[in-house]
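Down below is the structure, laid out as C-alpha coordinates.
Here is how names work: the chains are called A, B, and so on, in the same order as the sequence lines, proteins then strands, and each is numbered from 1.
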Amino acid sequence: GAVVSQHPSRVICKSGTSVKIECRSLDFQATTMFWYRQFPKQSLMLMATSNEGSKATYEQGVEKDKFLINHASLTLSTLTVTSAHPEDSSFYICSATPGTVNTEAFFGQGTRLTVV
Amino acid sequence: AQSVTQLDSQVPVFEEAPVELRCNYSSSVSVYLFWYVQYPNQGLQLLLKYLSGSTLVKGINGFEAEFNKSQTSFHLRKPSVHISDTAEYFCAVSKGQGAQKLVFGQGTRLTINP
(Lines give C-alpha, C1' and ligand atoms only; values in the text may rest on other atoms or scores of the structure.)
Protein backbone atom coordinates (compact mmCIF):
# COMPACT_ATOMS: atom_id res chain seq x y z
CA GLY A 1 0.00 0.00 0.00
CA ALA A 2 0.89 3.66 -0.26
CA VAL A 3 3.01 5.17 2.50
CA VAL A 4 2.49 8.47 4.26
CA SER A 5 5.19 9.67 6.62
CA GLN A 6 4.82 12.27 9.32
CA HIS A 7 7.59 14.09 11.14
CA PRO A 8 8.25 14.56 13.96
CA SER A 9 6.47 11.79 15.84
CA ARG A 10 6.72 13.69 19.10
CA VAL A 11 7.44 17.30 19.91
CA ILE A 12 7.45 19.33 23.08
CA CYS A 13 7.47 23.09 22.81
CA LYS A 14 7.14 26.08 25.05
CA SER A 15 3.98 28.09 25.13
CA GLY A 16 4.08 30.93 22.61
CA THR A 17 6.39 29.22 20.15
CA SER A 18 5.49 27.74 16.76
CA VAL A 19 5.79 24.13 15.69
CA LYS A 20 5.89 22.73 12.17
CA ILE A 21 4.68 19.22 11.34
CA GLU A 22 5.47 17.61 7.99
CA CYS A 23 3.39 15.11 6.08
CA ARG A 24 4.93 13.37 3.10
CA SER A 25 3.57 10.90 0.61
CA LEU A 26 6.57 8.67 -0.05
CA ASP A 27 5.56 6.69 -3.10
CA PHE A 28 2.75 8.62 -4.69
CA GLN A 29 1.69 12.13 -5.51
CA ALA A 30 -1.11 13.73 -3.58
CA THR A 31 -2.75 16.91 -4.77
CA THR A 32 -4.84 16.85 -1.63
CA MET A 33 -3.92 15.94 1.93
CA PHE A 34 -5.97 16.10 5.09
CA TRP A 35 -5.13 17.11 8.63
CA TYR A 36 -6.93 15.62 11.61
CA ARG A 37 -6.70 16.31 15.31
CA GLN A 38 -7.28 13.80 18.06
CA PHE A 39 -7.71 14.74 21.71
CA PRO A 40 -6.93 12.11 24.35
CA LYS A 41 -9.42 9.27 24.35
CA GLN A 42 -11.47 10.97 21.65
CA SER A 43 -12.04 10.53 17.97
CA LEU A 44 -10.34 12.20 15.06
CA MET A 45 -11.73 15.48 13.83
CA LEU A 46 -10.97 16.82 10.40
CA MET A 47 -9.24 20.18 10.68
CA ALA A 48 -8.49 21.14 7.12
CA THR A 49 -7.94 20.06 3.55
CA SER A 50 -4.52 20.89 2.15
CA ASN A 51 -4.51 21.66 -1.56
CA GLU A 52 -1.31 21.64 -3.59
CA GLY A 53 -0.64 25.04 -5.02
CA SER A 54 -3.63 26.76 -3.46
CA LYS A 55 -5.08 27.76 -0.12
CA ALA A 56 -6.16 25.19 2.39
CA THR A 57 -9.81 24.71 3.21
CA TYR A 58 -10.56 24.78 6.92
CA GLU A 59 -13.40 23.09 8.74
CA GLN A 60 -15.79 25.18 10.73
CA GLY A 61 -14.33 26.30 14.04
CA VAL A 62 -10.69 25.80 13.06
CA GLU A 63 -8.60 28.98 13.20
CA LYS A 64 -6.75 29.30 9.92
CA ASP A 65 -4.34 31.88 11.34
CA LYS A 66 -3.36 29.54 14.13
CA PHE A 67 -3.03 26.40 12.05
CA LEU A 68 -1.10 27.38 8.95
CA ILE A 69 -1.08 24.84 6.17
CA ASN A 70 1.28 24.85 3.22
CA HIS A 71 1.17 22.33 0.40
CA ALA A 72 4.12 23.37 -1.68
CA SER A 73 4.63 20.18 -3.64
CA LEU A 74 2.74 17.06 -4.67
CA THR A 75 4.37 15.06 -1.88
CA LEU A 76 4.59 17.45 1.05
CA SER A 77 2.12 19.29 3.23
CA THR A 78 3.07 21.12 6.40
CA LEU A 79 0.98 22.15 9.37
CA THR A 80 2.37 24.94 11.54
CA VAL A 81 0.82 25.51 14.93
CA THR A 82 1.54 29.16 15.61
CA SER A 83 1.86 30.67 19.08
CA ALA A 84 1.10 27.34 20.63
CA HIS A 85 -0.68 27.08 23.95
CA PRO A 86 -1.26 24.12 26.25
CA GLU A 87 -4.76 23.64 24.87
CA ASP A 88 -3.18 22.94 21.47
CA SER A 89 -1.58 19.82 22.91
CA SER A 90 -2.99 16.97 20.90
CA PHE A 91 -2.28 14.18 18.43
CA TYR A 92 -2.18 15.46 14.87
CA ILE A 93 -2.55 13.03 11.97
CA CYS A 94 -2.42 13.60 8.25
CA SER A 95 -3.82 11.50 5.45
CA ALA A 96 -3.54 11.36 1.70
CA THR A 97 -5.12 9.47 -1.15
CA PRO A 98 -3.30 8.50 -4.32
CA GLY A 99 -4.85 10.23 -7.26
CA THR A 100 -5.73 7.06 -9.07
CA VAL A 101 -7.00 5.18 -6.01
CA ASN A 102 -9.65 7.28 -4.40
CA THR A 103 -11.16 4.57 -2.25
CA GLU A 104 -8.65 4.43 0.57
CA ALA A 105 -7.03 7.09 2.69
CA PHE A 106 -3.50 6.44 3.95
CA PHE A 107 -2.55 7.91 7.28
CA GLY A 108 0.72 9.12 8.69
CA GLN A 109 2.02 7.86 12.00
CA GLY A 110 0.78 10.96 13.78
CA THR A 111 2.53 13.67 15.78
CA ARG A 112 2.12 14.02 19.53
CA LEU A 113 2.37 17.72 20.36
CA THR A 114 2.82 18.77 23.96
CA VAL A 115 2.88 22.46 24.77
CA VAL A 116 4.31 23.33 28.17
CA ALA B 1 -24.38 15.74 6.82
CA GLN B 2 -22.83 12.42 7.67
CA SER B 3 -22.33 11.19 11.21
CA VAL B 4 -21.09 8.00 12.83
CA THR B 5 -22.00 6.51 16.18
CA GLN B 6 -20.03 3.76 17.84
CA LEU B 7 -22.26 2.45 20.53
CA ASP B 8 -19.60 1.01 22.82
CA SER B 9 -16.69 3.05 24.10
CA GLN B 10 -15.02 -0.01 25.62
CA VAL B 11 -15.35 -3.72 24.92
CA PRO B 12 -13.50 -6.25 27.10
CA VAL B 13 -13.28 -9.74 25.68
CA PHE B 14 -11.46 -12.91 26.61
CA GLU B 15 -8.87 -14.27 24.24
CA GLU B 16 -10.27 -16.60 21.54
CA ALA B 17 -13.80 -15.35 22.13
CA PRO B 18 -15.82 -13.71 19.34
CA VAL B 19 -16.33 -9.97 19.28
CA GLU B 20 -18.62 -7.48 17.60
CA LEU B 21 -17.98 -3.74 17.56
CA ARG B 22 -21.05 -1.77 16.65
CA CYS B 23 -21.24 1.14 14.27
CA ASN B 24 -24.24 3.10 12.99
CA TYR B 25 -24.10 5.90 10.50
CA SER B 26 -26.39 8.54 9.11
CA SER B 27 -26.18 10.01 5.66
CA SER B 28 -28.54 11.32 3.08
CA VAL B 29 -26.44 10.01 0.24
CA SER B 30 -24.59 6.84 -0.65
CA VAL B 31 -21.41 6.55 1.31
CA TYR B 32 -18.26 4.60 1.65
CA LEU B 33 -17.74 2.98 5.06
CA PHE B 34 -14.48 2.08 6.75
CA TRP B 35 -13.06 0.48 9.84
CA TYR B 36 -9.62 1.56 11.04
CA VAL B 37 -7.45 0.27 13.89
CA GLN B 38 -5.14 2.46 15.93
CA TYR B 39 -2.42 1.10 18.15
CA PRO B 40 -1.05 3.35 20.94
CA ASN B 41 0.63 6.51 19.66
CA GLN B 42 0.37 5.38 16.07
CA GLY B 43 -1.57 6.38 13.00
CA LEU B 44 -4.51 4.49 11.58
CA GLN B 45 -4.43 1.26 9.66
CA LEU B 46 -7.29 0.27 7.39
CA LEU B 47 -9.01 -2.96 8.40
CA LEU B 48 -11.66 -3.04 5.70
CA LYS B 49 -13.95 -0.91 3.61
CA TYR B 50 -17.35 -1.05 1.99
CA LEU B 51 -17.71 0.72 -1.33
CA SER B 52 -20.46 -1.19 -3.10
CA GLY B 53 -21.48 -4.72 -4.02
CA SER B 54 -21.47 -7.55 -1.49
CA THR B 55 -22.63 -6.41 1.91
CA LEU B 56 -20.24 -8.74 3.73
CA VAL B 57 -16.75 -7.33 3.62
CA LYS B 58 -13.66 -9.22 4.68
CA GLY B 59 -10.58 -7.40 5.89
CA ILE B 60 -7.18 -8.00 7.35
CA ASN B 61 -6.37 -9.88 10.56
CA GLY B 62 -9.51 -11.99 10.31
CA PHE B 63 -11.96 -9.12 10.67
CA GLU B 64 -15.16 -8.76 8.68
CA ALA B 65 -18.05 -6.33 8.62
CA GLU B 66 -21.55 -6.34 7.25
CA PHE B 67 -23.19 -3.36 5.64
CA ASN B 68 -26.87 -3.15 6.49
CA LYS B 69 -28.53 -0.33 4.63
CA SER B 70 -31.95 -0.67 6.26
CA GLN B 71 -30.43 -0.47 9.72
CA THR B 72 -27.71 1.97 8.64
CA SER B 73 -25.15 -0.18 10.39
CA PHE B 74 -21.67 -1.44 9.64
CA HIS B 75 -20.73 -3.69 12.55
CA LEU B 76 -17.25 -5.18 12.79
CA ARG B 77 -16.80 -8.81 13.81
CA LYS B 78 -14.08 -11.33 14.48
CA PRO B 79 -14.83 -14.95 15.40
CA SER B 80 -11.80 -15.41 17.64
CA VAL B 81 -9.69 -12.57 19.01
CA HIS B 82 -6.05 -12.51 20.05
CA ILE B 83 -4.14 -10.45 22.58
CA SER B 84 -2.63 -8.53 19.68
CA ASP B 85 -6.07 -7.24 18.71
CA THR B 86 -6.04 -4.94 21.73
CA ALA B 87 -6.35 -1.48 20.21
CA GLU B 88 -8.72 1.38 19.44
CA TYR B 89 -11.10 0.80 16.54
CA PHE B 90 -12.71 3.56 14.55
CA CYS B 91 -15.63 3.39 12.18
CA ALA B 92 -15.68 6.10 9.53
CA VAL B 93 -17.86 7.34 6.70
CA SER B 94 -16.71 9.37 3.75
CA LYS B 95 -17.64 12.99 3.85
CA GLY B 96 -16.93 13.80 0.26
CA GLN B 97 -15.91 12.03 -2.84
CA GLY B 98 -14.29 8.68 -2.38
CA ALA B 99 -12.29 8.09 0.75
CA GLN B 100 -10.73 11.48 1.14
CA LYS B 101 -12.66 13.34 3.82
CA LEU B 102 -13.68 11.05 6.62
CA VAL B 103 -16.05 11.47 9.53
CA PHE B 104 -15.05 9.22 12.39
CA GLY B 105 -17.01 7.63 15.18
CA GLN B 106 -15.96 8.09 18.77
CA GLY B 107 -13.89 4.93 18.77
CA THR B 108 -14.15 1.63 20.65
CA ARG B 109 -11.39 0.46 22.90
CA LEU B 110 -11.08 -3.31 22.49
CA THR B 111 -9.28 -5.01 25.35
CA ILE B 112 -8.41 -8.68 25.10
CA ASN B 113 -7.94 -10.47 28.39
CA PRO B 114 -6.03 -13.76 28.68
Side-chain angles (χ1 to χ4, degrees), chain A residues 1-11 21 23-26 30-52 56-60 77 90-114, chain B residues 1-11 21-25 30-53 57 59-61 67 87-111:
Chain A
V3 179
V4 174
S5 178
Q6 237 178 288
H7 178 80
S9 58
R10 294 175 179 268
V11 57
I21 302 170
C23 179
R24 293 180 184 274
S25 55
L26 298 186
T31 55
T32 306
M33 293 184 176
F34 300 88
W35 288 96
Y36 293 84
R37 182 175 182 177
Q38 184 181 29
F39 288 106
K41 299 188 185 301
Q42 295 188 31
S43 188
L44 290 83
M45 299 295 293
L46 179 66
M47 297 175 65
T49 302
S50 174
N51 303 299
E52 188 270 333
T57 305
Y58 292 82
E59 296 298 305
Q60 189 173 8
S77 173
S90 189
F91 195 58
Y92 294 87
I93 310 177
C94 68
S95 76
T97 304
T100 58
V101 181
N102 196 23
T103 59
E104 180 175 346
F106 295 90
F107 286 82
Q109 308 94 317
T111 297
R112 173 74 62 192
L113 170 63
T114 303
Chain B
Q2 293 88 349
S3 68
V4 178
T5 302
Q6 290 181 243
L7 298 167
D8 306 297
S9 60
Q10 296 185 60
V11 174
L21 306 184
R22 297 180 292 170
C23 172
N24 286 89
Y25 70 95
S30 297
V31 295
Y32 293 167
L33 292 159
F34 307 84
W35 274 100
Y36 283 88
V37 60
Q38 183 182 35
Y39 298 101
N41 293 311
Q42 295 187 29
L44 278 73
Q45 180 181 8
L46 180 68
L47 282 176
L48 47 77
K49 59 187 175 185
Y50 172 79
L51 307 177
S52 65
V57 181
I60 63 171
N61 301 341
F67 171 63
E88 191 85 18
Y89 291 80
F90 291 96
C91 181
V93 62
S94 58
K95 188 176 180 180
Q97 293 184 345
Q100 299 199 51
K101 286 186 177 182
L102 298 176
V103 175
F104 286 88
Q106 302 89 329
T108 297
R109 176 70 181 172
L110 176 62
T111 303

_Under 4.5 Å from any heavy atom of chain A - which part of B:Gln38_ =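 Contact with chain A involves the side chain of B:Gln38 alone.
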*Please look at B:Leu44 and chain A and tell me whether the side chain, the backbone, both or neither of the residue comes under 4.5 angstrom of a heavy atom of that chain.*
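Answer is both: backbone and side chain atoms of B:Leu44 are under 4.5 Å from chain A.
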Which heavy atom of [X] sits nearest a heavy atom of [Y], and at what distance?
X        : Y        : value
A:Phe34  : B:Lys101 : CE2-CG, 3.3 Å
A:Gln38  : B:Phe90  : NE2-CZ, 3.3 Å
B:Gln42  : A:Phe91  : O-CE2, 3.5 Å
B:Tyr36  : A:Ala105 : OH-O, 3.2 Å
B:Leu102 : A:Tyr36  : N-OH, 3.1 Å

Identify which part of [X] has an atom lying under 4.5 Å from any heavy atom of chain B, answering side chain, backbone, both or neither.
X       : answer
A:Ser9  : neither
A:Ile93 : side chain
A:Gln6  : neither

*asked:* Donor-acceptor pair, distance only, cut-off 3.5 Å: does the side chain of A:Ser43 make one with the backbone of B:Gly105?
replied: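 Yes, the answer is positive, given that a donor and an acceptor are paired below the 3.5 Å cut-off.
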_Can you list everything that forms a ring pair (Phe, Tyr, Trp, His ring centres under 6.0 Å) with B:Tyr89? Sequence neighbours excluded, please._
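B:Tyr89 satisfies ring pair (Phe, Tyr, Trp, His ring centres under 6.0 Å) with B:Phe63 once adjacent residues are dropped.
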